[in-house]
Amino acid sequence: MSAARLAVDPLAAAQRLLGATLICRGVEATIVEVEGYGGVPNGPWPDPAAHSYRGPTPRNTVMFGPPGHLYTYRSYGMHVCANVVCGPDGTAAAVLLRAAVIDEGKPLVQARRGDAVPEVALARGPGNLCSALGITMEDNGIDLFDPSSPVRLQLGGPLPAQAGPRVGVSQAADRPWRLWAPGIPEVSAYRRSPRAPAPGASD
DNA sequence: GGTAAGATCAGC
DNA sequence: CTGATCTTACCT
């Protein structure tokens, strides 16, 4: 069972997901940018930036479940973002999928995203990635390693990774849990949250 | 029952 | 830099 390879800490799981292949509704894509998130204050990976930090709620329960499942949430009322749950069952942790390269089904993705979108930006950014692959809130909680799932994951040879601060979060932004494959234009540009304290401030 | 903030994106 | 847009979580 490949999901066992994700029963590790968020940074290790993030490394294993870089270069993995997502297969979803007529599209195949290689993950090239990810971001790790931890859990509750007294757990192994306390993370004030994580949805799971304040304990399980109806929204985030799947983050507390077994690894290898999909955790989706709605962002700013309009976008869907997708995470792969990692860490052992019962411990909250997940890896946000931030960008991918479309390998198969490019015309379909172009149709979903609009003709004006440059090829390189089709799945750049977590909201765009879900839009490109057709991932919705209906997919929350599905098993990514079940062959009958509409969204599936194949762990590949990990890519070389570069690490940096996380995007969009106002807490613990400097924790270097964002990983990307260097030199790939599909990787999103780094933008610090306007709400985050100055770089280097206490975590 | 009310409300503020948010793991975003596109367009000035 | 700003507006769009709405769910969740936390407060009274």
Side-chain angles (χ1 to χ4, degrees), chain A residues 6 9-11 13-15 17-18 22 31-41 43 45-65 67 69-87 91-100 102 109-110 112-141 163-180 185-197 199 201 203:
Chain A
L6 297 175
D9 68 85
L11 188 59
Q15 172 67 69
L17 286 169
L18 257 201
L22 271 175
I31 299 166
V32 295
E33 183 187 355
V34 295
E35 209 165 75
Y37 285 90
V40 297
W45 314 295
D47 186 357
H51 290 163
S52 48
Y53 187 62
R54 289 165 200 86
T57 68
R59 168 170 74 147
N60 67 20
T61 35
V62 344
M63 268 190 85
F64 290 80
H69 285 237
L70 189 70
Y71 166 50
T72 57
Y73 67 91
R74 190 170 296 283
S75 177
Y76 292 87
M78 48 183 77
H79 307 288
V80 174
C81 299
N83 299 250
V84 176
V85 175
C86 63
T91 302
V95 176
L96 173 66
L97 306 180
R98 293 199 54 89
I102 309 297
V109 173
Q110 196 82 60
R112 288 207 267 244
R113 296 269 295 128
D115 284 332
V117 177
E119 215 174 285
V120 89
L122 284 175
R124 184 167 59 193
N128 292 336
L129 185 149
C130 286
S131 164
L133 296 195
I135 295 174
T136 72
M137 288 303 294
E138 300 286 300
D139 299 317
N140 190 33
R166 296 187 286 186
V167 175
V169 301
S170 55
Q171 311 258 342
D174 293 330
R175 189 177 300 188
W177 278 7
R178 172 180 174 246
L179 298 187
W180 67 95
E186 276 84 354
V187 172
S188 63
Y190 173 59
R191 268 209 261 330
R192 163 166 285 255
S193 166
R195 293 173 295 281
D203 207 70

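Protein chains get the first letters and strands the later ones, always in sequence-line order, with residue 1 at the start of each.
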(request) Begin with the C-alpha distance, continue with both residues' side-chain angles, and end with the deciding distance and a verdict on side chain to side chain contact (heavy atoms under 4.5 Å, CB included) for A/Leu97 and A/Ile135. (result) CA-CA 12 Å; A/Leu97 306 180; A/Ile135 295 174; 5.8 Å; no
Protein-nucleotides 5-7 of chain B N/O pairs closer than 3.5 Å?
residue : atom : partner  : partner atom : Å
B/dG6   : OP2  : A/Arg195 : NE           : 2.8
B/dA7   : OP1  : A/His51  : NE2          : 3.0
B/dA7   : O4'  : A/Tyr37  : OH           : 3.4
B/dA7   : N7   : A/Ala49  : O            : 3.3
B/dA7   : N7   : A/His51  : NE2          : 3.1
B/dA7   : N6   : A/His51  : N            : 3.3
B/dA7   : N1   : A/Asn83  : OD1          : 2.6
B/dA7   : N3   : A/Tyr73  : OH           : 3.1

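- Here the P atom of nucleotide B/dC9 and the CG atom of A/Leu122 are 14 Å apart, to the nearest Å.
- Each of A/Arg175, A/Arg98, A/Gln171 was compared with A/Arg166 under the side chain to side chain contact (heavy atoms under 4.5 Å, CB included) criterion, and only A/Arg175 meets it.
- Put simply, chain A comes within 4.0 Å of DNA chain C, heavy atom to any atom, from C/dA4 to C/dC10, going 5' to 3'.
- In this structure, the side chains of A/Leu22 and A/Ile31 come closer than 4.5 Å at one or more pairs of heavy atoms.
- Counting heavy atoms from C-beta outward, A/Tyr71 and A/Tyr37 have side chains that stay 4.5 Å or more apart.
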(request) Please test A/Met63 against A/Asn83 for side chain to side chain contact (heavy atoms under 4.5 Å, CB included), starting from the C-alpha separation and ending with a verdict. (result) CA-CA 9 Å; A/Met63 268 190 85; A/Asn83 299 250; 5.9 Å; no
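- Across all strands shown, A/Arg166 has no heavy atoms under 4.0 Å from either base or sugar-phosphate atoms.
- In this structure, the side chains of A/Trp180 and A/Val32 stay at 4.5 Å or more apart for every pair of heavy atoms.
- Formation of a donor-acceptor pair under 3.5 Å by the A/Asp174 side chain with backbone atoms of A/Pro199 is not found in this model.
- Contact check for A/Val120 versus A/Glu186: side-chain heavy atoms found under the 4.5 Å cut-off.
- Residues passing the side chain to side chain contact (heavy atoms under 4.5 Å, CB included) test with A/Ala196, sequence neighbours excluded: A/Ala173, A/Arg192, A/Ser193.
- For residues 73-82 of chain A, the set of pairs meeting the salt bridge (charged side-chain N to carboxylate O under 4.0 Å, His left out) definition, not counting sequence neighbours, is empty.
- The backbone N or O of A/His51 sits less than 3.5 Å from a side-chain atom of A/Asn60, completing a donor-acceptor pair.
- Between A/His79 and A/Pro58, the residue whose closest nucleotide on DNA chain C is further toward the 5' end is A/His79.
- Under a 3.5 Å cut-off, the side chain of A/Arg195 and the backbone N or O of A/Ser170 do not form any donor-acceptor pair.
- At the heavy-atom level, A/Ser193 lies nowhere under 4.0 Å from the strands shown.
- Between A/Leu122 and A/Val117, some side-chain heavy-atom pair lies under the 4.5 Å cut-off.
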Could you go over nucleotides 10-12 of chain B and give all protein N or O partners under 3.5 Å, atom names and distances?
residue : atom : partner  : partner atom : Å
B/dA10  : OP1  : A/Asn128 : OD1          : 3.4

(message) As a check on the pairing definition, encode DNA chain B in dot-bracket form, counting Watson-Crick and G-U wobble pairs whose two distances are under 3.5 Å, and using | for partners outside this strand.
(response) ||||||.||||.
